[in-house]
Every structure is written in structure tokens, then in C-alpha cells.
Amino acid sequence: VTKIILDCDPGYDDAVALLLAAGDPRIELLAVTTVAGNQSIEKVTGNARRILRAVGREDIPVAAGAIRPLVRGGAAFCPEIHGESGLDGTTLPEATTPVDPRAAAQLIVDTVMREPEGTVTLVPTGPLTNIALAARLEPRIVGRVKEVVLMGGGCKIGNVKPFAEFNIEFDPEAAYVVFNEAWKVTMVGLDLTYQARADEAVRARARAIATKPGQLLADILDAFARNYKKKSHFDAPPVHDPCAVAAVIDRSIVKCVPVPIDVELRGALTYGMTVADFRRPAPEGCRTFAAVELDQPRFWDMVIEAVERIGDP
Ligand code: BDR
Ligand code: CA
């Protein structure tokens with residue numbers, strides 16, 4: 001069982017990442033922290049708490065984090081894909097437990113320092129603001145976490161910009177900190193997540209789960225599909241964030257390659273791009289990895305089975 005902290009901005013695909021983390025027995029979800037990204041911190045924090053209520057896991061602490069990027073101004077939320085609420089088209093119960101009073105970065109630090117060294121994996125599926133702040137707040141967490149497995153970036157493609165992906169482009173300076181710390185970082189970027197399409201067959205499987213969490217998954221995927229179809233050339237939406245959780249649950253579900261990765265902070269057209277250097281074999285001791293190939297059938301089986309296992313709490 002792998003202990004994780006999920007740092008997220010739900011958001012449809014973050015919500016699926018939460019469902020997977022809550023339902024798969026190979027994951028112990030120690031804490032959920034939230035970051036402004038897809039929507040404001042109030043909205044994404046409320047969404048995270050309501051999802052935990054819906055899956056009967058309000059025992060998991062939720063702390064709210066950064067309300068905006070570290071340095072850059074003008075970062076914009078993403079209502080065109082995730083709606084005004086961040087989860088438009090879903091019905092969720094109200095949360096019944098309070099938000100953890102600590103800042104997200106503090107909850108991350110406290111959790112990593114409390115658990116045995118090398119046992120906690122950080123799984124960021126939003127902008128990297130909280131993770132960068134946590135690394136600066138308590139530098140010892142860098143040597144204590146097992147690894148960072150993040151959804152963000154890409155080796156050859158972007159989405160909000162030709163070469164920049166939303167989570168990295170939202171807070172490039174935070175991403176720079178995270179990619180340049182001395183921990184192991186696995187980038188589950190667009191090259192990988194574009195293989196995780198929720199096509200009609202997948203959505204039908206979700207609709208066939210006869211529980212409330214099953215209904216929630218189906219509503220999420222259907223709404224996500226509608227918005228992606230309207231706003232992009234995708235017929236079936238790429239469900240990015242659960243790919244990072246899946247890679248933690250079973251690394252054999254993705255093919256990862258070691259490659260030096262850095263973050264562009266000065267390019268006029270490439271600000272927020274992850275630059276992966278494939279020119280030669282990765283140097284000895286390279287601690288950044290890119291996930292490049294997804295076992296799609298096993299990925300969707302994993303998501304569906306996790307939601308089935310939650311049952312009707
Ligand atoms: C990422 O951006 C967000 O909109 C999604 O939740 C995902 O984390 C994909 O670029
Ligand atoms: Ca996200």
C-alpha cells in the first residue's frame with residue numbers, strides 16, 4: 001500500500017483522481033490539499049470536500065492552499081472546460097466536516113515529517129504552487145518523500161499554449177522549483193494523458209455502475225466530454241489526472257523513461273514549457289522521468305473497479 005498526499009484543483013479529472021485514490025486498496029490517502037487552478041481556491045476546496053463526503057471518506061483531512069501563482073500575474077482559471085463551479089453538471093452532497101485549519105503547504109510538511117522516511121508519495125494534479133511552498137517551508141521533506149508523481153507538462157506538446165500545459169503554465173516558477181529539487185519527479189504529462197480518452201464505451205461502463213459514486217463518475221465523464229467537444233478537437237476527453245494516481249498504484253501501467261526535464265521561465269512563446277532533453281541517453285542518476293505510454297485497457301479497468309469498490313457509502 002502506497003501512502004499519498006493528493007494536491008489537486010477539482011475539476012472533473014481531479015475528481016476522477018480522487019475517486020481512484022479513494023477506491024483502490026493499494027492507496028492510502030493521507031491528506032488532500034487544494035490549489036487554485038481550474039477554479040478559485042474556495043470552489044476547488046469545496047469540491048474536494050464534497051467528493052470525499054460522497055465516497056464516505058470525510059476522515060481524510062483537507063487543507064486549502066495557494067490562491068494564486070508564486071510570481072506570475074494574469075493566470076486564469078478554466079471555466080470553459082470545468083464550468084463555473086469546477087464540477088458543473090454533477091450533484092454532490094454538502095461536506096459535513098470542517099476544512100483543516102492549516103495551510104496546504106503546512107499539512108504537506110506535517111504529514112511527510114510525521115510518516116517514516118521514504119514512505120510518502122506526493123501526487124500533484126494541479127499547479128505546483130503548494131508543493132514548491134512546502135519544499136521551501138521545510139527543506140527536509142525533499143529527502144523524506146518517496147517521490148513526486150505529477151500530472152503536468154509534456155515532452156512535445158502543450159494545451160493552453162502550443163508547448164505549455166495548463167498546470168505548469170499556470171505557475172511556471174513553482175514548477176521550476178519542483179523539477180529542480182533533489183527528489184525523484186515523474187512527469188505524467190500530455191504525451192501520456194492524451195492516451196487516456198473517455199470514449200463512449202468507457203462512459204457506458206461508468207453509467208452501468210449502479211451506485212451514487214458510479215453515477216458521479218458517469219456525470220463527470222459525460223460533462224467533461226461535452227465541454228471538450230465544444231472547446232477543442234477532441235471527440236473523447238483525455239482524463240489527465242487519474243493517470244498520475246494510476247502510475248503510483250501500479251507503475252507497470254505506464255512506460256517511464258529517465259530524461260532531464262526543466263521548466264522554461266523566459267521564453268516569449270514558451271513560458272511554462274517543460275523542456276525534456278532527449279538528445280542523448282539520460283545521465284547516470286537522472287532523477288526526472290517522463291511517462292510516455294499508457295496501458296489503456298488496464299487503466300480504465302482500474303478506474304472502474306475502484307469506483308465499484310467504493311460501493312454506496
Ligand atoms: C490539467 O489541467 C487541468 O485543467 C486538468 O485538471 C489537468 O490537471 C491538464 O492540462
Ligand atoms: Ca487538475
Side-chain angles (χ1 to χ4, degrees), residues 4-21 32-41 43-45 47-48 51 64-66 69 75-90 104 122-131 148-172 174-175 178 186-198 220-221 223-228 230-234 236-248 263 272-274 290-291 294 303:
I4 71 164
I5 300 172
L6 186 65
D7 184 69
C8 58
D9 60 338
Y12 294 123
D13 53 331
D14 299 86
V16 180
L18 267 165
L19 293 174
L20 176 57
V32 173
T33 51
T34 56
V35 62
N38 287 326
Q39 267 299 350
S40 68
I41 197 68
K43 290 179 184 177
V44 299
T45 306
N47 289 341
I51 292 160
F77 304 144
C78 191
E80 61 279 15
I81 294 289
H82 300 271
E84 276 311 320
S85 69
L87 284 175
D88 282 9
T90 63
L122 302 182
V123 186
T125 62
L128 291 163
T129 324
N130 293 336
I131 309 296
V148 180
V149 181
L150 63 91
M151 192 283 133
C155 296
K156 299 182 184 76
I157 33 174
N159 52 9
V160 283
K161 297 271 178 66
F163 288 104
E165 180 279 332
F166 178 83
N167 290 338
I168 307 298
E169 203 263 352
F170 191 92
D171 192 345
V178 172
T186 298
M187 176 175 83
V188 180
L190 295 175
D191 326 80
L192 190 288
T193 65
Y194 278 177
Q195 298 165 47
R197 304 285 181 86
I220 289 169
L221 295 180
F224 204 35
R226 276 194 303 275
N227 294 353
Y228 250 96
K230 247 185 284 165
K231 298 292 170 190
S232 70
H233 58 278
F234 286 102
V239 189
H240 311 277
D241 294 338
C243 294
V245 178
V248 173
V263 179
M273 173 183 180
T274 45
L294 177 70
V303 172

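Atoms within a ligand are numbered from 1 in the order they appear, just like the ligands themselves. Count residues from 1 along the sequence. Worth saying up front: this structure is predicted, and the values here are computed from it rather than measured.
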Participant: Closer than 3.5 angstrom, by distance alone: can the side chain of Y12 be matched with the main-chain N or O of D88 as a donor-acceptor pair?
Facilitator: yes
Participant: Could you find the nearest protein heavy atom to atom 2 (O) of ligand 1 and give me its residue, atom name and distance?
Facilitator: F166 CD2, 3.4 Å
Participant: If we only consider heavy atoms of I81, is any one of them less than 4.0 Å away from an atom in ligand 1?
Facilitator: no
Participant: Quick test of your reading of the structure: of E165, E169, E80, H240, whose heavy atom lies closest to atom 10 (O) of ligand 1?
Facilitator: E165
Participant: Spell out, as yes or no, whether a donor-acceptor pair under 3.5 Å connects the side chain of N130 to the backbone of A66.
Facilitator: yes
Participant: Do D241 and ligand 1 have an N or O pair less than 3.5 Å apart?
Facilitator: yes
Participant: Which heavy atom of P10 sits nearest a heavy atom of N47, and at what distance?
Facilitator: O-ND2, 2.9 Å
Participant: So which heavy atom in the protein is nearest atom 6 (O) of ligand 1, and how far is it from that ligand atom?
Facilitator: D13 OD1, 2.6 Å
Participant: Return the minimal non-hydrogen interatomic distance between A36 and F170, and the atom names on each side.
Facilitator: O-CE2, 3.4 Å
Participant: Between V239 and F224, what is the shortest heavy-atom contact and its length?
Facilitator: CA-CE2, 4.0 Å
Participant: When you measure from atom 3 (C) of ligand 1 to every protein heavy atom, which one gives the shortest distance, and what is it?
Facilitator: N38 OD1, 3.2 Å
Participant: Give me the one residue out of V245, D241, L192, V123 that meets side chain to side chain contact (heavy atoms under 4.5 Å, CB included) with M151.
Facilitator: D241
Participant: For T129 and D171, test the side chains for any donor-to-acceptor distance below 3.5 angstrom and give the result as yes or no.
Facilitator: yes
Participant: Return yes or no for this condition: an N or O of T125 is under 3.5 Å from an N or O of ligand 1.
Facilitator: yes
Participant: Backbone, side chain, both or neither: what part of D14 comes under 4.0 angstrom of ligand 1, heavy atoms only?
Facilitator: side chain
Participant: Would you check if the side chain of E169 reaches a backbone N or O of A164 as a donor-acceptor pair within less than 3.5 Å?
Facilitator: no
Participant: What's the separation between atom CG in L150 and atom CG in L128, rounded to the nearest 0.5 Å?
Facilitator: 5.5 Å
Participant: Near the Ca ion (ligand 2), which protein N/O/S atoms are found at less than 3.0 Å?
Facilitator: D9 OD1, D14 OD1, D14 OD2, T125 O, D241 OD2
Participant: Taking all heavy atoms of I168 and all of G152, pick out the closest pair and write down the distance.
Facilitator: CG1-C, 4.0 Å
Participant: Answer with side chain, backbone, both or neither: which part of N159 has a heavy atom less than 4.0 angstrom from an atom of ligand 1?
Facilitator: side chain
